[in-house]
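These notes concern the structure reproduced below.
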Amino acid sequence: VDIICVNNIANSSISKAGDITYDGQFTGQTSRTVAAKLADIISVKDFGATGDGTTDDTSAFQACATHATTLSKGLNRPVGVYVPSGTYRINQQIVFDVAPQNETVRGIVLFGDGRESSRLVATSGNTTGLIKFTGNGNTEIWSISDLSFLSPLSANDGTNNGTAIYVESTVTEGDPGFGSHRYRSVSVERVTIGAFATTVLGNNDGSVGRWFRGIDVRNKWFPIFKDVLFFGAGTNPVANINAGIFCRYCYSPEIINCYFEGYMQNGAWLDCITQEDFRFESCFFVNQDNGIYITRPSTYDNILYEPGGSITNSHMACRVNNVYIERHRQVNIIGNYMYMPTTTTGLPSCIRLHRTADILIANNQFLEPGFYTNDSNATCGVRMSGAAQGILINGCHFNHGGISVYVDSGTNGGNFGDNTVLLTNCSSKGQSIWGGPTKRIVDNTGIVSCNGWWDPNEGATNYTLDFFYGGT
């Protein structure tokens with residue numbers, strides 16, 4: 001790089017980077033000021049951050065955030081903020097605020113040198129989290145990549161460090177500007193959210209994390225989370241560890257190749273996804289109470305608003321429910337392998353459906369161990385309650401103790417149409433290999449039809465064996 005040198009700068013008129021010309025070394029490059037060149041990407045070290053693992057870098061980060069958002073508003077485009085390799089101690093949430101929005105594409109692209117190298121670590125007294133992105137519109141672009149967000153609290157600490165990454169918008173569903181845009185509003189990729197450790201192995205090796213929520217996103221358009229690792233608490237109970245990912249009123253969130261390990265109430269919680277669908281693909285869930293938790297309030301009891309969703313090719317081994325879905329329709333749950341929940345009371349389930357319609361459950365493996373005490377105390381492959389309309393279970397293999405398919409008493413079609421559950425071409429591997437007796441179907445309402453079941457000990461059969469029908 002060719003740089004103009006200025007001798008005796010104290011006696012010259014040059015006092016700022018804007019007064020110095022930057023000349024590139026490649027054919028076709030034009031000259032511009034050093035200030036313009038430096039504005040391409042802002043580094044937190046430009047504002048005094050050290051990344052030495054000891055110094056409190058909060059003020060430096062906030063000064064950088066304030067400058068970057070001011071620049072973004074002036075340029076009406078996202079601005080890159082670079083976090084070089086290092087360990088940065090943060091004692092309170094860093095706020096990036098691009099309000100007031102004017103429907104241009106403002107925002108921040110926050111990135112590091114890799115999650116193993118660029119690490120933001122909360123101080124032990126930090127209860128507010130690490131990063132907050134906010135604005136009063138819904139066209140902002142927020143991107144985070146190649147960073148770690150870490151908690152220093154011990155594995156079994158009863159507190160937490162708040163929410164590692166929080167993204168909000170004051171624009172909510174129904175407001176002008178909420179809806180379809182040309183870009184994803186949120187992108188989080190190649191990020192780790194867990195615990196701080198100075199070594200790869202040890203008592204606090206990153207396999208635990210004391211965050212209330214890892215990522216919390218509100219009212220955003222088409223967010224994506226890809227190759228994100230979440231590590232929960234070291235022990236149960238998990239009252240202070242709510243979720244790895246939480247999305248509320250987000251349009252069509254995608255969660256791809258993400259890893260959720262450790263005790264949390266929920267791995268990924270999608271609340272009020274009322275506009276269109278969601279997608280989970282090739283994810284890993286273990287030890288959460290609920291792996292995937294999809295909810296709506298009771299005001300939606302007889303309303304199935306917008307449809308859509310898919311859960312595919314994922315590994316699940318949770319405590320209460322691997323998948324919980326309520327008040328939703330047209331969801332495909334395909335090609336997953338699910339271990340029986342580890343809770344030993346009640347009716348823990350691999351797939352729990354409450355007031356749902358038009359659900360396809362196909363080509364899933366429901367695996368060991370499971371248990372069966374009685375029809376009210378057993379693990380379930382698929383459990384339905386409230387309302388069930390158009391539920392198709394096809395080509396699934398139930399290799400576990402407990403009950404393969406369970407329908408609660410009082411389950412009906414609600415306002416969604418006829419209440420029907422159809423099983424086709426399913427199989428099991430013997431009745432007592434895992435956890436004692438196995439029942440294939442417990443139908444307390446009388447809405448299940450079964451067309452073919454294969455057991456190697458019995459050959460092909462219909463639902464006459466181990467079928468309990470409690471309807472009228």
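The basis for the numbers below is simple: all heavy atoms, side chains too, and nothing from hydrogens, waters or symmetry mates.
- Rounding to the nearest 0.5 Å places CD1 of Ile193 at 11.0 Å from CG of Leu120.
- Glu326 has its side chain out of reach of Arg355: every pair of non-hydrogen atoms, C-beta onward, lies at least 4.5 Å apart.
- There is no side-chain donor-acceptor pair under 3.5 Å between Asp216 and Thr163.
- Under 3.5 Å, the side chains of Asn219 and Arg248 contain no donor-acceptor pair of N or O atoms.
- Between Arg218 and Tyr166, the closest side-chain pair of non-hydrogen atoms falls below 4.5 Å.
- In this structure Asn322 satisfies the side-chain hydrogen bond (donor to acceptor under 3.5 Å, both in side chains) test with no other residue, sequence neighbours excluded.
- Of the possible donor and acceptor atoms, none in the side chain of Arg190 sits under 3.5 Å from a partner among the backbone N and O of Arg115.
- At least one test fails for Arg352 against the ring of Tyr324: distance under 6.0 Å to the centre or angle within 45° of the axis.
- Between the side chains of Ser72 and Arg106, no donor-acceptor pair is found at a separation under 3.5 Å.
- Taking the side chain as every heavy atom from C-beta outward, Val323 and Phe280 never approach each other to under 4.5 Å.
- Taking all atoms of both residues into account, the shortest heavy-atom contact from Asp277 to Gly309 is CB-N, 3.4 Å.
- Counting heavy atoms from C-beta on, the side chains of Ile256 and Arg279 come closer than 4.5 Å.
- In summary, Glu254 and Lys226 do not engage in a salt bridge, as defined by a charged side-chain N under 4.0 Å from a carboxylate O.
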Intermediate values then yes/no, side chain to side chain contact (heavy atoms under 4.5 Å, CB included), Thr159 and Thr127: CA-CA 9 Å; Thr159 62; Thr127 61; over 6 Å; no
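- A donor and an acceptor atom, one from each side chain of Asn161 and Asn126, are nowhere located under 3.5 Å apart.
- No donor-acceptor distance shorter than 3.5 angstrom exists from the side chain of Ser148 to the backbone of Arg119, with no hydrogens or angles considered.
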Full working for side chain to side chain contact (heavy atoms under 4.5 Å, CB included) between Thr312 and Asn332: CA-CA 8 Å; Thr312 60; Asn332 295 331; 5.7 Å; no
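- Put simply, the side chain of Phe231 reaches to within 4.5 Å of the side chain of Tyr259, judged on heavy atoms.
- Evaluation of the ring-ring contact (aromatic ring centres under 6.0 Å, His included) rule for Phe47 yields His67 as partners, not counting sequence neighbours.
- Residues Phe246 and Asn266 fail the side-chain proximity criterion, which asks for heavy atoms closer than 4.5 Å.
- The heavy-atom pair separating Asn240 from Asn160 by the smallest distance is O-ND2, 3.0 Å.
- Ile361 contributes atom CD1, which lies 4.5 Å from atom CD1 of Ile351 (distance to the nearest 0.5 angstrom).
- Contact between Val331 and Ser310 at its shortest, heavy atoms only, is CG1-N, 4.5 Å.
- Listed for the Ser145 side chain is no donor-acceptor partner under 3.5 Å among the backbone atoms of Glu189.
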Stepwise side chain to side chain contact (heavy atoms under 4.5 Å, CB included) check, Met384 with Val405: CA-CA 8 Å; Met384 290 155 279; Val405 177; 3.6 Å; yes
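- Of all the heavy atoms in Pro84 and Val44, the pair that sits closest is CD-CG2, 3.9 Å.
- For the 3.5 Å distance criterion, the side chains of Asn321 and Asn290 qualify, holding a donor opposite an acceptor.
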Leu270 and His328: CA distance, side-chain angles, deciding distance, side chain to side chain contact (heavy atoms under 4.5 Å, CB included) verdict: CA-CA 11 Å; Leu270 309 184; His328 212 89; over 6 Å; no
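- The list of ring pair (Phe, Tyr, Trp, His ring centres under 6.0 Å) pairs with a residue in residues 72-95, not counting sequence neighbours, reads Phe61-Tyr88, Tyr82-Phe111.
- Looking at Gln288, its side chain never comes within 3.5 Å of a backbone N or O of Arg319 through a donor-acceptor pair.
- For Pro78 against Ile141, the heavy-atom pair with the smallest separation is CG-CB, 4.0 Å.
- Annotation: the span from Leu367 atom CG to Met316 atom CE amounts to 12.5 Å, rounded to 0.5 Å.
- Closest of all the heavy-atom pairs between Thr69 and Val98 is CG2-CG1, 4.0 Å.
- In this structure, the side chain of Glu368 does not engage the main chain of Met340 through any donor-acceptor pair within 3.5 Å.
- From Ile241, atom CD1 reaches atom OG of Ser151 across 8.0 Å, with rounding to the nearest 0.5 Å.
- Identified under the salt bridge (charged side-chain N to carboxylate O under 4.0 Å, His left out) test for residues 128-137, with sequence neighbours left out: Lys132-Glu168.
- Asn91 pairs with exactly one of Thr58, Asp57, Thr123 by the side-chain hydrogen bond (donor to acceptor under 3.5 Å, both in side chains) rule, that one being Thr58.
- Within the 4.5 Å cutoff, the side chain of Cys64 has heavy atoms near those of the Ile42 side chain.
- If you take CG on Asn76 and CG on Leu71, they are separated by 10.5 Å, rounding to the nearest 0.5 Å.
- Counting only N and O atoms by type, the side chains of Asn242 and Arg213 include a donor and acceptor under 3.5 Å apart.
- A search for ring-ring contact (aromatic ring centres under 6.0 Å, His included) contacts involving Phe285 returns Phe260, not counting sequence neighbours.
- Under the 3.5 Å distance criterion, the side-chain polar atoms of Ser385 are left unmatched by any main-chain donor or acceptor of Asp408.
- With hydrogens and angles disregarded, a donor-acceptor distance shorter than 3.5 Å links the side chain of Ser349 to the backbone of Leu347.
- Within the 4.5 Å cutoff, side-chain heavy atoms of Phe230 are placed close to those of Ile215.
- Of the possible donor and acceptor atoms, one in the side chain of Asn364 sits under 3.5 Å from a partner among the backbone N and O of Asn336.
- Arg89 places a side-chain N or O within donor-acceptor distance of the main-chain N or O of Gly53, the cut-off being under 3.5 Å.
- Using a distance-only test at 3.5 Å, with no hydrogens or angles considered, a donor-acceptor pair links the side chain of Ser185 to the main chain of Trp221.
- Screening residues 135-158 for ring pair (Phe, Tyr, Trp, His ring centres under 6.0 Å) gives Phe133-Trp142 as the qualifying pairs, with residues at least two apart or on separate chains.
- A distance of 8.5 Å separates CH2 of Trp211 from CG of Leu153, quoted to the nearest 0.5 Å.
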